[in-house]
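The structure displayed is predicted, hence computed values, not measured ones. By convention in this document, chain letters (A, B, ...) are assigned in the order of the sequence lines, proteins followed by strands, and residues within each chain are numbered from 1.
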There are 2 protein chains.
Amino acid sequence: MREFLKTKGFKMTPQREIIFRAFFEIGDHVTVDELYRRVRKSDNSVGYSTVWRNLKLICRVGLAEEVNLGDGVTRYDRVTREPHGHFYCVQCKQVTEFEMEEIVAKLHPIADKQLFHVDTIKCEISGVCETCQKKTDDDDDTPLVS
Amino acid sequence: MREFLKTKGFKMTPQREIIFRAFFEIGDHVTVDELYRRVRKSDNSVGYSTVWRNLKLICRVGLAEEVNLGDGVTRYDRVTREPHGHFYCVQCKQVTEFEMEEIVAKLHPIADKQLFHVDTIKCEISGVCETCQKKTDDDDDTPLVS
DNA sequence: CGGCTAAATGAAATCGAATTTCAATTTCAA
DNA sequence: TTGAAATTGAAATTCGATTTCATTTAGCCG
């Protein structure tokens, strides 16, 4: 990793070491705050902005990407995996994934047709997860569109 | 519209009249600020928060939905149309659409399989639009990867 | 037509995540 | 070892989103 960063003009530091390690351990849909807490367990002197900057750095070097589920908090995903979309439960805020190979394959021709140069493709499905569906079978939340 | 709102327990006001009208005229991917400016042309005494609240209201009654393209600004789309995804040009910030009927049809079974109750489906493709591609053929922006 | 209550408004204040500033520290190539 | 450039931590700032609050208004009821 030190070498990889060097080739891109960045230095390795103890804090960065911890942050990178933590990020790749936690895995996906992490928020800055979550990662910050996690990092503090290893070294409680690491600053919030350092965690933030390094998360941005991980994105810049192409190892992660920002995920926006519309709840005002930015999450971060590793990009070292298959293309995938997200299920976002509006009740428990839990994020799960689904494989998106086929969807992506369908989307590319659409972009090509409009001569749009694609950087990233995102699919987000919001709704209620199985667990929360069961939980809210009774206590209904005054539906506006009855 | 007055009647429609009444059935949902809301009143009609001059400001609301203007805001609703403006929203459905402008059409899509409007930001609060854009709509606010537009509304002020009809009546420069309308407040920003009123525009914001009414945009939220339009969403609540199911006539619009929030669109999040990851640039920190919330946009609003009418929902009275075919399901569609968005192209977002990271250079000129322009938003265009693409038809998504078929994609949605493929996505639903995926959600069903995980027993996820779907509220909304969003597909966002970020990249560079045709116009901006031509514009930036020369002045390259120091690519980090490569 | 008044009177009344809930809803709506506008301005200003607040919130909160994201981002920047700045002085001090650290990395690492020469 | 040394110096330039990168990095860090804390605090400040930014900026869109949202709330507060005093005032006004819509629309139902008699």
Side-chain angles (χ1 to χ4, degrees), chain A residues 1-23 29-37 39-40 42-61 64-76 93 142 144, chain B residues 1-23 29-37 39-40 42-61 64-76 93 142 144:
Chain A
M1 179 55 41
R2 179 178 233 93
E3 285 311 309
F4 172 72
L5 286 177
K6 194 193 294 180
T7 66
K8 298 187 179 299
F10 299 109
K11 296 170 178 175
M12 183 46 82
T13 68
Q15 294 92 332
R16 180 159 291 169
E17 181 90 41
I18 294 173
I19 294 167
F20 273 52
R21 199 177 296 281
F23 175 70
H29 336 120
V30 194
T31 64
V32 177
D33 202 64
E34 283 164 5
L35 188 60
Y36 172 65
R37 290 171 201 276
V39 163
R40 299 279 285 201
S42 301
D43 179 347
N44 72 2
S45 70
V46 178
Y48 178 91
S49 45
T50 299
V51 173
W52 178 80
R53 279 186 289 235
N54 275 288
L55 226 21
K56 284 289 195 185
L57 179 66
I58 297 176
C59 290
R60 277 218 282 166
V61 300
E65 64 182 2
E66 302 194 341
V67 179
N68 235 285
L69 280 341
D71 65 351
V73 196
T74 303
R75 285 155 225 270
Y76 295 83
K93 307 324 192 199
T142 27
L144 206 52
Chain B
M1 179 55 40
R2 179 179 233 94
E3 286 310 309
F4 173 73
L5 285 177
K6 193 194 295 181
T7 67
K8 298 188 180 298
F10 300 109
K11 297 172 178 175
M12 181 47 81
T13 68
Q15 295 92 333
R16 182 159 290 169
E17 182 90 42
I18 295 172
I19 294 167
F20 273 52
R21 200 178 294 282
F23 175 69
H29 336 120
V30 194
T31 64
V32 178
D33 202 64
E34 283 165 4
L35 188 60
Y36 172 65
R37 290 170 201 278
V39 164
R40 298 281 284 199
S42 301
D43 179 346
N44 72 3
S45 70
V46 178
Y48 177 91
S49 45
T50 299
V51 174
W52 178 81
R53 280 186 287 232
N54 275 288
L55 226 22
K56 284 289 196 186
L57 179 65
I58 297 174
C59 291
R60 276 218 282 166
V61 298
E65 62 182 4
E66 302 194 341
V67 180
N68 235 284
L69 279 344
D71 65 351
V73 196
T74 302
R75 285 156 224 271
Y76 295 83
K93 312 308 196 208
T142 26
L144 207 51

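Interatomic distance, OH of B:Y76 versus NE2 of B:H29, reported as 14.5 Å (0.5 Å rounding). Here the NZ-CG distance, from B:K8 to B:L5, works out to 9.0 Å after rounding to the nearest 0.5 Å. Here CZ of B:F20 is found 5.5 Å from CZ of B:R16. Values are rounded to the nearest 0.5 Å.
The salt bridge (charged side-chain N to carboxylate O under 4.0 Å, His left out) check on B:D33 picks up B:R37, with sequence neighbours excluded. Under the side-chain contact (heavy atoms from CB on, under 4.5 Å) criterion, A:L35 pairs with A:I19, A:A22, A:F23, A:I26, A:V30, A:V39, A:V51, A:L55, not counting sequence neighbours. B:T7 pairs by the side chain to side chain donor-acceptor pair (under 3.5 Å) definition with nothing, not counting sequence neighbours. Applying the salt bridge (charged side-chain N to carboxylate O under 4.0 Å, His left out) criterion to A:R75, with sequence neighbours excluded, gives A:D71. For the side chain to side chain donor-acceptor pair (under 3.5 Å) test, no residue two or more places apart in sequence or in another chain qualifies with A:R53. Residues satisfying the side chain to side chain donor-acceptor pair (under 3.5 Å) criterion with B:R2, sequence neighbours excluded, are absent altogether. Not a single side chain to side chain donor-acceptor pair (under 3.5 Å) links B:K93 to another residue, sequence neighbours left out. Looking at residues two or more places apart in sequence or on another chain, you find a salt bridge (charged side-chain N to carboxylate O under 4.0 Å, His left out) between B:E66 and B:K56.
In this structure, A:S45 reaches the sugar-phosphate backbone alone: every heavy-atom distance under 4.0 Å involves primed, P, OP1 or OP2 atoms, never a base. Using a 4.0 Å heavy-atom cutoff across all strands shown, A:N54 reaches sugar-phosphate atoms only and no base atom. Within 4.0 Å of A:T74, counting heavy atoms only, lie sugar-phosphate atoms of the nucleic acid but no base atom.
Along DNA chain D, read 5' to 3', the first and last nucleotides having any atom under 4.0 Å from a heavy atom of chain A are D:dA5 to D:dA10. Where DNA chain C meets chain A (any atom under 4.0 Å from a heavy atom), the bounding nucleotides read 5' to 3' are C:dA17 to C:dA29.
Position along DNA chain D of the nearest nucleotide to A:G47 versus A:G9 favours A:G9 as the more 5'-ward residue. In terms of position on DNA chain D, the residue among A:R40 and B:W52 whose nearest nucleotide sits closer to the 5' end is A:R40.
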Residue pair B:V46, B:Y36: steps toward the side-chain contact (heavy atoms from CB on, under 4.5 Å) verdict: CA-CA 8 Å; B:V46 178; B:Y36 172 65; 5.7 Å; no
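In the region residues 12-19 of chain A, proximity to DNA chain D at under 4.0 angstrom, judged on heavy atoms, holds for A:T13, A:Q15, A:R16.
When atom types are taken as modelled, the side chain of A:N44 and the backbone of A:R40 share no donor-acceptor pair closer than 3.5 angstrom.
Scanning DNA chain C for stems, defined as runs of 3 or more consecutive Watson-Crick or G-U wobble pairs whose donor-acceptor distances all fall under 3.5 Å, gives the following ranges: C:1-30 with D:1-30.
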